[in-house]
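Working notes for the structure below.
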Amino acid sequence: SDHVQAKRLEYGNKILISSTILPDLDLSAGPTIFQIKSQDNVVFTSMHEYVDTPGICFVPHRLLGRLGVADGEQVVVSQVKDIPTGEFLKIKPFETAFTELADPKAVLEKVISTNYPVLSQGEIIVINYLDSEYHIEITECKPDTTIQTINCDINLEFEQPYDFVEKAVPPEPPQPELEA
């Protein structure tokens with residue numbers, strides 16, 4: 001995949017797709033969302049843009065990993081039109097460092113609106129920010145387990161990161177016992 005955008009698309013769940021794969025796409029339905037199905041798994045993704053190469057579809061490696069397929073393996077791609085607009089998202093960062101950024105919520109909102117137009121519960125997204133990679137699990141979505149994230153106001157809640165360590169609180173010094 002030497003497509004110019006392939007590297008950038010690795011940080012997201014958008015795909016490049018040839019118009020020959022799905023000739024009767026309905027582009028009037030807002031963001032174009034697809035379900036990609038392997039024998040064992042399903043992922044949801046959205047279209048980044050069309051490519052001219054007939055029959056070609058570029059899917060980020062992370063999505064292929066979630067599908068459990070190797071490059072070149074057959075999958076079924078179909079358009080989905082009934083994904084609800086997101087209202088609530090609960091996330092669990094893998095790295096506490098993400099929560100220590102100046103404004104992690106703003107970073108997350110920008111990345112989601114740019115790179116993740118559709119999110120599913122259980123999905124792990126990767127954010128590349130200031131030359132660091134942060135992994136974030138989507139632990140809950142409402143009103144459904146898969147939601148659209150474009151042009152909507154999503155209530156965002158953070159869970160304690162996976163690598164969070166309680167800072168040790170020094171014990172109280174023992175109080176001398178008073179003699180009666």
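The basis for the numbers below is simple: all heavy atoms, side chains too, and nothing from hydrogens, waters or symmetry mates. What you see is a predicted model; the values in this text were computed from it and never measured.
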Derivation of the side chain to side chain contact (heavy atoms under 4.5 Å, CB included) call for Glu137 and Tyr162: CA-CA 10 Å; Glu137 182 178 352; Tyr162 278 109; 2.3 Å; yes
So how far is it from [X] [atom1] to [Y] [atom2], rounded to the nearest 0.5 Å?
{"X": "Ile154", "Y": "Thr149", "atom1": "CD1", "atom2": "OG1", "answer": "5.5 Å"}
{"X": "Gln79", "Y": "Met47", "atom1": "CD", "atom2": "CE", "answer": "8.5 Å"}
{"X": "Ile91", "Y": "Ile136", "atom1": "CD1", "atom2": "CD1", "answer": "4.5 Å"}
{"X": "Ile127", "Y": "Tyr11", "atom1": "CD1", "atom2": "OH", "answer": "11.5 Å"}
{"X": "Leu63", "Y": "Phe58", "atom1": "CG", "atom2": "CZ", "answer": "9.0 Å"}
{"X": "Glu140", "Y": "Lys92", "atom1": "CD", "atom2": "NZ", "answer": "13.0 Å"}

[X], [Y]: one ILVMFWY side-chain cluster at the under-4.5 Å cut-off?
{"X": "Val111", "Y": "Leu130", "answer": "yes"}
{"X": "Val118", "Y": "Ile150", "answer": "no"}
{"X": "Tyr129", "Y": "Leu156", "answer": "yes"}

[X] and [Y]: which non-hydrogen atoms are nearest, and at how many Å?
{"X": "Pro60", "Y": "Gly12", "value": "CG-O, 3.9 Å"}
{"X": "Ser120", "Y": "Cys141", "value": "C-SG, 3.9 Å"}
{"X": "Thr96", "Y": "Thr99", "value": "O-OG1, 2.6 Å"}
{"X": "Val42", "Y": "Gln35", "value": "CG1-CG, 3.4 Å"}
{"X": "Asn41", "Y": "Arg66", "value": "ND2-O, 3.3 Å"}
{"X": "Cys152", "Y": "Thr85", "value": "CB-CG2, 3.2 Å"}

Is the side chain of [X] donor-acceptor paired with the backbone N or O of [Y] at a distance under 3.5 Å, no angle test?
{"X": "Thr139", "Y": "Lys90", "answer": "yes"}
{"X": "Glu123", "Y": "Ile138", "answer": "no"}
{"X": "Ser46", "Y": "Lys14", "answer": "no"}
{"X": "Glu10", "Y": "His61", "answer": "yes"}
{"X": "Asn155", "Y": "Phe88", "answer": "no"}
{"X": "Arg62", "Y": "Ile125", "answer": "no"}

Steps toward side chain to side chain contact (heavy atoms under 4.5 Å, CB included) verdict (Asn128, Val126): CA-CA 7 Å; Asn128 186 5; Val126 181; 5.8 Å; no
Ile17 and Phe34: CA distance, side-chain angles, deciding distance, side chain to side chain contact (heavy atoms under 4.5 Å, CB included) verdict: CA-CA 11 Å; Ile17 192 164; Phe34 301 107; 4.2 Å; yes
Mind checking whether [X] and [Y] have side chains closer than 4.5 Å, heavy atoms only?
{"X": "Leu108", "Y": "Leu89", "answer": "no"}
{"X": "Thr45", "Y": "Ile36", "answer": "yes"}
{"X": "Val107", "Y": "Tyr134", "answer": "no"}

Phe158 and Phe98 aromatic ring geometry - parallel, tilted or perpendicular at 30°/60° bounds: parallel
Test log, rule side chain to side chain contact (heavy atoms under 4.5 Å, CB included), inputs Asn13 and Phe44: CA-CA 8 Å; Asn13 62 7; Phe44 291 90; over 6 Å; no
Salt-bridge criterion met for Glu87 and Lys142 (N-O under 4.0 Å): no
Residue Asp153 excluded, over 12 heavy atoms near CG under 6.0 Å: no
Glu133 atom CD, neighbour heavy-atom count above 12 within 6.0 Å: yes
